[in-house]
Amino acid sequence: MNNLPPPSAFTIDQNDPNKWPKWRKKFENYIIASDFDSKTIQQQRAILLHIIGDSALEIYNTFGFEENSQSPTIKDIIDKYDQYFSPFKNTIYKRYIFFTCEQKLNQTFDDFVTEIKSKAEDCEFENIKDSLIRDRIVLGCRDTTLREKYLQNPDLTLSLAINQGQAAEASQKQLRNIEKDSIDAIRKNLMKNINLPPL
(Lines give C-alpha, C1' and ligand atoms only; values in the text may rest on other atoms or scores of the structure.)
Protein backbone atom coordinates (compact mmCIF):
# COMPACT_ATOMS: atom_id res chain seq x y z
CA MET A 1 0.00 0.00 0.00
CA ASN A 2 3.01 2.34 0.27
CA ASN A 3 2.86 2.87 -3.49
CA LEU A 4 -0.72 4.17 -3.37
CA PRO A 5 -0.83 7.34 -5.49
CA PRO A 6 -1.93 10.50 -3.65
CA PRO A 7 -4.95 12.52 -4.79
CA SER A 8 -4.34 15.02 -7.59
CA ALA A 9 -3.76 18.68 -6.69
CA PHE A 10 -6.75 20.59 -5.41
CA THR A 11 -8.16 23.27 -7.70
CA ILE A 12 -10.51 25.98 -6.45
CA ASP A 13 -13.97 26.25 -8.00
CA GLN A 14 -16.32 28.68 -6.27
CA ASN A 15 -19.24 27.31 -8.32
CA ASP A 16 -18.79 23.88 -6.74
CA PRO A 17 -19.13 24.13 -2.93
CA ASN A 18 -18.53 20.39 -2.59
CA LYS A 19 -15.14 20.40 -4.28
CA TRP A 20 -13.12 20.90 -1.09
CA PRO A 21 -15.02 18.24 0.94
CA LYS A 22 -14.48 15.76 -1.92
CA TRP A 23 -10.75 16.45 -2.04
CA ARG A 24 -10.46 16.27 1.75
CA LYS A 25 -12.18 12.87 1.73
CA LYS A 26 -9.73 11.58 -0.90
CA PHE A 27 -6.81 12.80 1.20
CA GLU A 28 -8.25 11.19 4.35
CA ASN A 29 -8.57 7.90 2.46
CA TYR A 30 -4.96 8.28 1.33
CA ILE A 31 -3.88 8.77 4.96
CA ILE A 32 -5.67 5.59 6.02
CA ALA A 33 -4.41 3.48 3.12
CA SER A 34 -0.78 4.65 3.20
CA ASP A 35 1.92 4.50 5.88
CA PHE A 36 1.18 8.10 6.83
CA ASP A 37 0.94 7.83 10.62
CA SER A 38 4.49 6.51 10.91
CA LYS A 39 5.88 9.85 9.71
CA THR A 40 6.66 12.86 11.89
CA ILE A 41 4.30 15.85 12.05
CA GLN A 42 6.74 17.85 9.91
CA GLN A 43 6.84 15.11 7.27
CA GLN A 44 3.06 14.76 7.26
CA ARG A 45 2.69 18.52 6.84
CA ALA A 46 5.21 18.59 4.00
CA ILE A 47 3.42 15.76 2.19
CA LEU A 48 0.04 17.48 2.49
CA LEU A 49 1.37 20.84 1.27
CA HIS A 50 3.18 19.14 -1.62
CA ILE A 51 0.10 17.20 -2.71
CA ILE A 52 -2.46 19.98 -2.29
CA GLY A 53 -1.14 22.08 -5.18
CA ASP A 54 -0.07 25.66 -5.84
CA SER A 55 -3.40 27.48 -5.52
CA ALA A 56 -4.22 25.86 -2.16
CA LEU A 57 -0.61 26.37 -0.98
CA GLU A 58 -1.05 30.11 -1.54
CA ILE A 59 -4.10 29.98 0.70
CA TYR A 60 -2.14 28.08 3.35
CA ASN A 61 0.45 30.86 3.38
CA THR A 62 -2.29 33.28 4.49
CA PHE A 63 -3.21 31.20 7.57
CA GLY A 64 -0.30 32.59 9.60
CA PHE A 65 0.80 29.30 11.12
CA GLU A 66 4.09 29.32 13.01
CA GLU A 67 5.63 26.04 11.91
CA ASN A 68 7.68 23.89 14.25
CA SER A 69 8.20 20.18 14.86
CA GLN A 70 4.83 19.79 16.59
CA SER A 71 2.61 22.38 14.94
CA PRO A 72 0.55 22.81 12.88
CA THR A 73 -0.73 19.27 12.65
CA ILE A 74 -2.61 17.87 9.67
CA LYS A 75 -5.85 18.34 11.60
CA ASP A 76 -5.00 22.00 12.28
CA ILE A 77 -4.42 22.61 8.58
CA ILE A 78 -7.51 20.74 7.40
CA ASP A 79 -9.67 22.61 9.93
CA LYS A 80 -8.34 25.92 8.60
CA TYR A 81 -9.20 24.94 5.04
CA ASP A 82 -12.68 23.91 6.20
CA GLN A 83 -13.18 27.41 7.65
CA TYR A 84 -11.76 29.04 4.54
CA PHE A 85 -14.02 27.21 2.09
CA SER A 86 -17.21 27.30 4.19
CA PRO A 87 -18.40 30.64 2.65
CA PHE A 88 -18.52 28.85 -0.70
CA LYS A 89 -21.56 26.90 0.48
CA ASN A 90 -24.57 27.86 -1.61
CA THR A 91 -27.12 28.51 1.13
CA ILE A 92 -29.75 29.75 -1.32
CA TYR A 93 -29.64 26.49 -3.25
CA LYS A 94 -29.72 24.42 -0.04
CA ARG A 95 -32.83 26.31 1.05
CA TYR A 96 -34.43 25.79 -2.35
CA ILE A 97 -33.93 22.03 -1.94
CA PHE A 98 -35.47 22.23 1.54
CA PHE A 99 -38.49 24.34 0.59
CA THR A 100 -39.36 22.12 -2.39
CA CYS A 101 -39.14 18.87 -0.41
CA GLU A 102 -42.38 16.88 -0.63
CA GLN A 103 -43.38 13.42 0.54
CA LYS A 104 -42.85 10.92 -2.25
CA LEU A 105 -45.30 8.22 -3.28
CA ASN A 106 -44.94 5.23 -0.92
CA GLN A 107 -42.51 7.17 1.31
CA THR A 108 -43.31 6.62 4.99
CA PHE A 109 -44.05 9.62 7.16
CA ASP A 110 -41.00 8.95 9.35
CA ASP A 111 -38.71 8.78 6.30
CA PHE A 112 -40.22 12.03 5.03
CA VAL A 113 -39.52 13.78 8.35
CA THR A 114 -35.96 12.41 8.42
CA GLU A 115 -35.37 13.73 4.90
CA ILE A 116 -36.66 17.20 5.79
CA LYS A 117 -34.52 17.38 8.93
CA SER A 118 -31.45 16.31 6.98
CA LYS A 119 -32.01 18.95 4.30
CA ALA A 120 -32.45 21.65 6.96
CA GLU A 121 -28.97 21.08 8.41
CA ASP A 122 -27.05 23.26 5.90
CA CYS A 123 -29.69 25.97 5.53
CA GLU A 124 -28.53 28.14 8.44
CA PHE A 125 -32.06 28.61 9.77
CA GLU A 126 -30.70 29.16 13.29
CA ASN A 127 -33.46 29.59 15.92
CA ILE A 128 -36.39 29.20 13.47
CA LYS A 129 -35.30 25.78 12.16
CA ASP A 130 -37.94 23.78 14.07
CA SER A 131 -40.80 26.00 12.91
CA LEU A 132 -39.65 25.79 9.27
CA ILE A 133 -39.34 22.00 9.48
CA ARG A 134 -42.89 21.94 10.89
CA ASP A 135 -44.12 24.11 8.00
CA ARG A 136 -42.41 21.86 5.45
CA ILE A 137 -44.11 18.81 6.98
CA VAL A 138 -47.50 20.55 6.77
CA LEU A 139 -47.04 21.70 3.17
CA GLY A 140 -45.20 18.65 1.88
CA CYS A 141 -47.17 15.72 3.32
CA ARG A 142 -49.30 13.73 0.86
CA ASP A 143 -52.23 13.22 3.26
CA THR A 144 -54.64 16.10 2.59
CA THR A 145 -56.82 15.17 5.59
CA LEU A 146 -53.77 15.37 7.84
CA ARG A 147 -52.80 18.72 6.32
CA GLU A 148 -56.28 20.07 7.02
CA LYS A 149 -55.96 18.93 10.64
CA TYR A 150 -52.57 20.67 10.88
CA LEU A 151 -53.97 23.94 9.54
CA GLN A 152 -56.81 23.92 12.05
CA ASN A 153 -54.34 24.12 14.94
CA PRO A 154 -52.75 27.59 15.36
CA ASP A 155 -50.55 26.23 18.16
CA LEU A 156 -49.09 23.37 16.12
CA THR A 157 -45.52 22.52 17.17
CA LEU A 158 -42.96 20.36 15.39
CA SER A 159 -43.29 17.53 17.91
CA LEU A 160 -47.09 17.61 17.71
CA ALA A 161 -46.99 17.60 13.90
CA ILE A 162 -44.71 14.55 13.94
CA ASN A 163 -46.88 12.73 16.51
CA GLN A 164 -50.08 13.42 14.56
CA GLY A 165 -48.47 12.36 11.29
CA GLN A 166 -47.27 9.08 12.77
CA ALA A 167 -50.69 8.44 14.31
CA ALA A 168 -52.49 9.18 11.03
CA GLU A 169 -50.23 6.82 9.09
CA ALA A 170 -50.69 4.06 11.69
CA SER A 171 -54.49 4.52 11.58
CA GLN A 172 -54.53 4.31 7.79
CA LYS A 173 -52.49 1.13 7.88
CA GLN A 174 -54.84 -0.42 10.45
CA LEU A 175 -57.87 0.60 8.36
CA ARG A 176 -56.40 -1.02 5.25
CA ASN A 177 -55.78 -4.22 7.22
CA ILE A 178 -59.37 -4.23 8.53
CA GLU A 179 -60.77 -3.66 5.03
CA LYS A 180 -58.59 -6.43 3.62
CA ASP A 181 -59.68 -8.85 6.35
CA SER A 182 -63.34 -7.95 5.73
CA ILE A 183 -63.03 -8.52 1.99
CA ASP A 184 -61.27 -11.84 2.57
CA ALA A 185 -64.01 -12.95 4.98
CA ILE A 186 -66.78 -12.00 2.50
CA ARG A 187 -64.97 -13.82 -0.29
CA LYS A 188 -64.67 -17.01 1.82
CA ASN A 189 -68.38 -16.91 2.75
CA LEU A 190 -69.37 -16.46 -0.89
CA MET A 191 -67.24 -19.41 -1.96
CA LYS A 192 -68.89 -21.59 0.72
CA ASN A 193 -72.39 -20.71 -0.48
CA ILE A 194 -71.75 -21.12 -4.18
CA ASN A 195 -72.97 -24.47 -5.51
CA LEU A 196 -70.61 -25.31 -8.29
CA PRO A 197 -72.05 -27.67 -10.95
CA PRO A 198 -70.32 -31.05 -11.22
CA LEU A 199 -67.63 -31.35 -13.84
Side-chain angles (χ1 to χ4, degrees), residues 7-8 10-33 75 78-190:
S8 56
F10 174 72
T11 54
I12 300 171
D13 183 355
Q14 295 190 20
N15 294 319
D16 183 1
N18 292 318
K19 192 149 192 180
W20 165 250
K22 288 176 186 174
W23 191 94
R24 183 187 62 206
K25 183 62 179 174
K26 288 180 181 178
F27 181 73
E28 288 169 350
N29 289 337
Y30 172 73
I31 288 175
I32 294 169
K75 184 182 183 307
I78 295 294
D79 286 348
K80 271 290 188 181
Y81 277 116
D82 285 344
Q83 293 172 19
Y84 181 87
F85 288 113
S86 62
F88 292 165
K89 292 189 303 183
N90 193 336
T91 306
I92 294 174
Y93 180 71
K94 296 283 187 181
R95 290 179 179 180
Y96 164 76
I97 296 296
F98 172 83
F99 285 119
T100 56
C101 182
E102 294 183 347
Q103 187 177 13
K104 302 173 187 66
L105 184 66
N106 298 325
Q107 184 181 31
T108 67
F109 182 81
D110 281 342
D111 286 348
F112 173 51
V113 171
T114 299
E115 181 182 0
I116 292 174
K117 287 182 175 181
S118 173
K119 289 180 176 178
E121 286 304 312
D122 294 328
C123 292
E124 300 177 7
F125 288 142
E126 305 302 335
N127 59 340
I128 61 169
K129 184 168 75 170
D130 281 0
S131 63
L132 291 176
I133 291 173
R134 176 206 60 196
D135 293 351
R136 196 62 244 154
I137 290 172
V138 172
L139 298 173
C141 69
R142 294 183 63 84
D143 187 340
T144 53
T145 304
L146 176 62
R147 183 181 300 120
E148 184 178 358
K149 184 177 181 180
Y150 283 152
L151 293 173
Q152 289 172 349
N153 184 359
D155 299 318
L156 184 70
T157 62
L158 173 58
S159 60
L160 183 57
I162 292 172
N163 290 339
Q164 289 180 349
Q166 291 169 334
E169 186 173 74
S171 297
Q172 289 172 1
K173 186 176 181 180
Q174 291 167 356
L175 182 60
R176 286 193 298 269
N177 289 338
I178 291 171
E179 290 173 346
K180 182 179 180 300
D181 291 344
S182 298
I183 292 170
D184 288 344
I186 292 170
R187 185 180 291 116
K188 286 178 183 177
N189 286 331
L190 284 174

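The chain is numbered in sequence order, starting from 1.
In this structure, Phe99 places its CZ atom where more than 12 heavy-atom neighbours from other residues, nucleotides or ligands lie under 6.0 Å away.
Salt-bridge check for Glu115 with Lys119: passed, with a basic side-chain N closer than 4.0 Å to an acidic carboxylate O. Glu121 has a carboxylate O that lies under 4.0 Å from a charged side-chain N of Lys129, or vice versa, which qualifies the two as a salt bridge. Arg134 and Asp130 are not joined by a salt bridge, as no carboxylate oxygen comes within less than 4.0 angstrom of a charged side-chain nitrogen.
Contact annotation: the side chain of Ile162 approaches that of Lys117 to within less than 4.5 Å [non-hydrogen atoms, C-beta and beyond]. Between Trp23 and Phe85 there is no side-chain heavy-atom pair separated by less than 4.5 Å.
The structure places OG of Ser118 at 10.0 Å from CD1 of Ile133, a figure rounded to the nearest 0.5 Å. Rounding to the nearest 0.5 Å gives a distance of 9.5 Å between NZ of Lys104 and CD of Glu102. Put simply, CZ on Arg136 and CG on Leu132 are 10.5 Å apart, with the number rounded to the nearest 0.5 Å.
Side-chain atoms of Asp143 and Gln172 form a donor-acceptor pair, as typed in the model, at a separation below 3.5 Å.
A pairwise comparison of heavy atoms in Phe98 and Ala120 identifies CE1-CB, 3.7 Å as the closest pair.
With hydrogens and angles disregarded, a donor-acceptor distance shorter than 3.5 Å links the side chain of Gln103 to the backbone of Arg142.
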